[in-house]
Amino acid sequence: METKMQEKNISANELEQCVKCTVCTAYCPVLKVSVIYPGPKQSGPDGERYRLKSSLFMDNNIKYCLNCKRCEVVCPSGVKIADIIHSARETYGRQIPKVRDFILASTDLMGSVASPFAPVVNAVTGLGATKFVLDKVMAIDHRRTFPKYSGTKFETWFRKEAAPVQGTFKKRVSYFHGCYVNYNYPQLGKDFVTLMNALGVGVDLLEKERCCGVAKISSGMFDTARKHARINIASMEKAMSDGRKVLTTSTTCTLTMKDEYPDILGLDNTSVKDGIVLAIRYIYEMLEKGEAKIAFKEGYRARAAYHVPCHMEKMGLSIFTRKLLKMIPGMELVSLDSNCCGIAGTYGFKKENYARSQAIGKALFDNINAVNPDFVACECETCKWQIEMSTAYKVKNPVSILAEAVDIEKTKKLNNA
Amino acid sequence: MKFDTIIIGGGLSALTCGIKLAKAGRDCLIIASGESALSFNSGSFGLLSRLPDGTAVEEPLKAIEQLPSSHPYVKIGIDNTRRYAASAKEFFADCGISLRGTERNLWRYTSSGKMKRCWLAMEDTTAFVSREDKVGDKALIVTVKGFQDFFPGFVAESLEKKGISCRCESIELDELDMLRSNASEMRATNIALTMEKDKIRKSFVKEISRIRQDEDMLILPQIFGYEDTRALEDIRKAVGMPVTFISTLMPSVPGIRTQKMLKKAFEAAGGTLMMGDCVTGAVIEGGKIKSVLTSNLGSYGLEADNFVLATGSFFGKGLASDFTKIYEPVLGLDVDASEKRDEWYSSSFFDRQAFIGFGVKTDNDLHPSRDGEAISNLYAAGSVLSGAESLYEGSGAGVAIITAMYAADKILEG
Ligand SMILES: Cc1cc2nc3c(=O)[nH]c(=O)nc-3n(C[C@H](O)[C@H](O)[C@H](O)COP(=O)(O)OP(=O)(O)OC[C@H]3O[C@@H](n4cnc5c(N)ncnc54)[C@H](O)[C@@H]3O)c2cc1C
Ligand code: SF4
Ligand code: SF4
């Protein structure tokens with residue numbers, strides 16, 4: 001009988017596991033700098049108990065959660081605090097997203113519209129007057145530098161330059177490039193394809209790729225996020241039907257598709273979950289199993305400071321980056337202290353969050369300045385914007401660092417590619 | 001992926017072992033599913049305050065001779081225990097953690113103002129040589145208005161029994177008003193973070209000086225020392241009377257600070273930390289662990305020559321129970337525990353609890369076993385071990401530190 005009672009008490013996201021120890025509040029980066037946010041314990045398990053009784057207990061200030069998941073990483077009881085918070089925003093929230101949130105969340109739509117006009121958009125978003133309008137009318141903070149839109153989309157480049165030769169590889173993977181690579185930073189996608197090809201692996205794109213949905217989840221556009229998620233799951237299922245993996249270079253897209261689809265959007269992704277693999281892990285495993293060989297350039301020298309993005313920490317994948325980068329002769333890898341950069345995707349773009357966002361990141365910026373590296377190594381694109389805007393250091397994705405350090409021609413030969 | 005040693009757990013025991021190994025040049029991975037009991041630490045470490053028969057202990061390293069052979073201190077050898085205990089202060093000092101203590105137990109205040117024995121006290125935890133030590137006759141007990149994790153009334157009651165007269169005050173500061181608007185922010189760690197700012201601490205201290213009458217000692221909750229351990233000395237100088245910090249309800253400021261410093265020391269020595277991942281099982285072949293599996297990495301095993309299990313007791317999730325048995329949930333190791341459920345606990349919360357002494361069964365080298373078969377490349381350390389009733393004996397940190405050092409040395413020798 002007692003067991004039955006316990007089974008009846010099980011609720012979503014390990015809510016009932018909370019022992020009220022408050023450790024989560026001690027590590028939440030938002031609480032450290034701000035008062036309006038109720039904090040992980042109150043917004044998460046404590047508040048949920050009340051919300052379950054009546055939706056009147058919903059406190060809209062839980063929207064200040066960055067979804068960085070640091071609280072979940074430290075919670076001794078395995079409570080999925082951030083998932084409780086973001087599910088509550090949908091279940092109990094009464095806010096309709098603003099036009100601004102819609103624009104920031106539509107990373108794909110904005111990208112498609114902006115890319116052909118990249119030079120114009122970049123010039124315009126960089127202009128004082130535009131920033132003024134963005135700031136006053138749209139409440140996008142004027143102090144923010146915008147990620148540049150690239151002229152040629154990654155997909156366009158890929159179809160023209162890379163696709164034709166992929167057929168020559170026996171081993172194939174599919175690539176979920178994400179909005180950032182497609183519209184803002186195709187170079188990362190190019191580095192990825194070059195590297196994979198040199199390792200003897202062909203790359204295909206998914207038949208249909210939509211934004212992973214992270215920005216939509218954080219702006220409260222749950223239905224659109226769900227619609228896109230379903231398309232992504234179906235495309236990935238199709239790609240994986242011949243046993244291949246879908247590789248990613250964005251940590252946040254990876255976390256969203258693997259964990260947030262079921263935990264926040266309530267979608268079943270079991271058919272694809274294990275097949276989604278962060279590129280850096282895939283490459284490491286290939287080398288480890290002896291399925292590919294790698295040759296590095298002679299004389300490569302770099303001193304990199306490694307910032308583990310919050311979502312990388314949550315997924316526990318930083319060990320792969322560390323081991324891979326340490327393989328590079330001439331690489332000195334310095335670990336930065338575990339801190340949040342403060343941007344959390346589109347969070348830091350919103351005017352009401354700008355000051356908070358910069359205050360959260362300060363510890364990280366100070367740490368980088370003190371280390372004074374050649375560059376910062378980091379897998380996350382929004383961390384890159386934030387760090388490059390707030391310090392004088394360039395940020396490189398480990399995939400790009402590898403592509404730079406690897407002797408591509410020699411590696412190709414080693415892999416008969 | 002292969003490491004020299006993989007340590008499961010992220011508490012005092014895991015970090016002590018990891019730092020020792022990493023400093024000796026070993027490639028070491030720590031996998032921790034969450035923060036540890038250090039987050040609730042009182043600001044002091046206990047080695048032995050009471051023997052199982054209830055006798056109070058003044059000199060812990062002498063008294064360990066009287067412990068039963070099943071106790072971890074005796075298992076690893078009394079001389080070893082003494083040697084590791086003697087090296088602890090220096091070990092932590094190298095990690096930037098300064099501890100005070102001698103061969104004789106010190107006395108510290110608990111959060112309710114009672115006095116308890118301890119072995120080593122953190123830099124900003126006030127500890128006394130004798131229970132009767134009094135730093136003054138008239139105490140001013142000051143807290144922050146709205147702070148609910150400290151009870152000046154209880155503290156006053158205890159002090160008054162010692163003949164110290166007390167006056168309790170709570171201070172309001174504009175800078176802290178901001179925190180008060182949010183109940184969940186009025187936590188020791190968040191206040192401590194605010195108090196780290198020189199300006200705020202100065203106005204707090206100024207306010208104390210303003211309300212002080214003829215008191216000759218000041219008592220404050222431990223809402224200082226987020227990073228800067230000099231707060232105690234600063235305040236003492238500014239108010240011109242002895243200052244005592246009293247531990248608050250959790251989270252503990254000195255505990256979390258210590259946890260962070262240990263993690264930093266581990267990474268600085270070249271160790272790899274994997275936080276927030278949970279070891280779910282292991283591949284065991286021929287009496288040895290080949291690899292461990294985690295919830296994040298699924299079927300991808302992490303390999304090592306040696307493994308250390310430092311997953312803590314029930315609170316840390318190193319031990320678990322259901323309605324019929326006590327078990328070790330990660331690797332299914334053999335445990336020392338009573339089979340009768342009614343012997344597990346006393347229904348009075350404050351009584352001595354038998355289940356605290358339960359834990360993983362090991363040989364004298366700290367090798368655990370599964371189904372009676374020893375696992376030769378696995379060591380257990382800290383509160384996951386059986387044989388120490390840490391709460392009753394006051395031996396929690398001592399067992400965690402000393403068994404971790406022993407396991408590290410065994411690995412280095414081997
Ligand atoms: C509330 C409280 C207060 C205490 N205060 C004091 C004090 O003031 N002084 C004192 O001397 N002692 C104190 N103790 C005793 C304390 O248990 C020891 O001092 C010591 O900190 C125990 O350390 P440990 O490393 O053995 O275990 P823990 O600190 O419990 O650490 C266990 C670690 O293992 C991790 N873990 C568990 N399972 C897994 C898994 N499957 N995979 C990965 N990681 C896992 C946990 O997340 C945690 O990080 C206190 C204990 C408690 C519970
Ligand atoms: S850390 Fe986990 S168990 Fe502790 S209060 Fe927060 S959610 Fe609850
Ligand atoms: S996800 Fe990050 S911002 Fe949100 S409550 Fe947890 S720690 Fe705080």
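Residue numbers begin at 1 in each chain, while the letters A, B, ... track the order of the sequences. As the structure is a computational prediction, the values presented were derived from the model and not from experiment.
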Measure [X] against the heavy atoms of chain A and call it side chain, backbone, both or neither at under 4.5 Å.
| X | answer |
| --- | --- |
| B:Asp27 | side chain |
| B:Leu29 | side chain |
| B:Leu249 | neither |
| B:Ser33 | backbone |

Residue list, side chain to side chain contact (heavy atoms under 4.5 Å, CB included) with B:Ala192, at least two apart or on another chain: B:Tyr226, B:Val253
Pairing residues for A:Val73 by the side chain to side chain contact (heavy atoms under 4.5 Å, CB included) criterion, not counting sequence neighbours: A:Glu313, A:Lys314, B:Met275
Between [X] and chain B, with a heavy-atom cut-off of 4.5 Å, which part of the residue counts as in contact: side chain, backbone, both or neither?
| X | value |
| --- | --- |
| A:Val19 | side chain |
| A:Ser77 | both |
| A:Arg70 | neither |
| A:Asn61 | neither |
| A:Cys75 | backbone |

In Å and rounded to the nearest 0.5 Å, what is the [atom1] to [atom2] distance from [X] to [Y]?
| X | Y | atom1 | atom2 | value |
| --- | --- | --- | --- | --- |
| B:Leu273 | A:Ile319 | CG | CD1 | 11.5 Å |
| A:Tyr27 | B:Thr189 | OH | OG1 | 9.0 Å |
| A:Asp259 | B:Asn296 | CG | CG | 7.5 Å |
| A:Thr25 | B:Arg187 | OG1 | CZ | 6.0 Å |
| A:Met315 | B:Leu297 | CE | CG | 11.0 Å |
| A:Glu288 | B:Lys2 | CD | NZ | 11.0 Å |

Which one of B:Met274, B:Lys260, B:Met1 has the most heavy-atom pairs closer than 4.5 Å to chain A? B:Met1
Neighbour count >12 (heavy atoms, 6.0 Å) for atom NZ, A:Lys20: yes
Near A:Tyr50 OH, under 6.0 Å, is it more than 12 heavy atoms from other residues, nucleotides or ligands? no
Qualifying residues under salt bridge (charged side-chain N to carboxylate O under 4.0 Å, His left out), relative to B:Lys263, sequence neighbours excluded: B:Glu35
Can you pull out the residues in residues 320-329 of chain A with any heavy atom less than 4.5 Å from chain B? A:Phe320, A:Arg322, A:Lys323
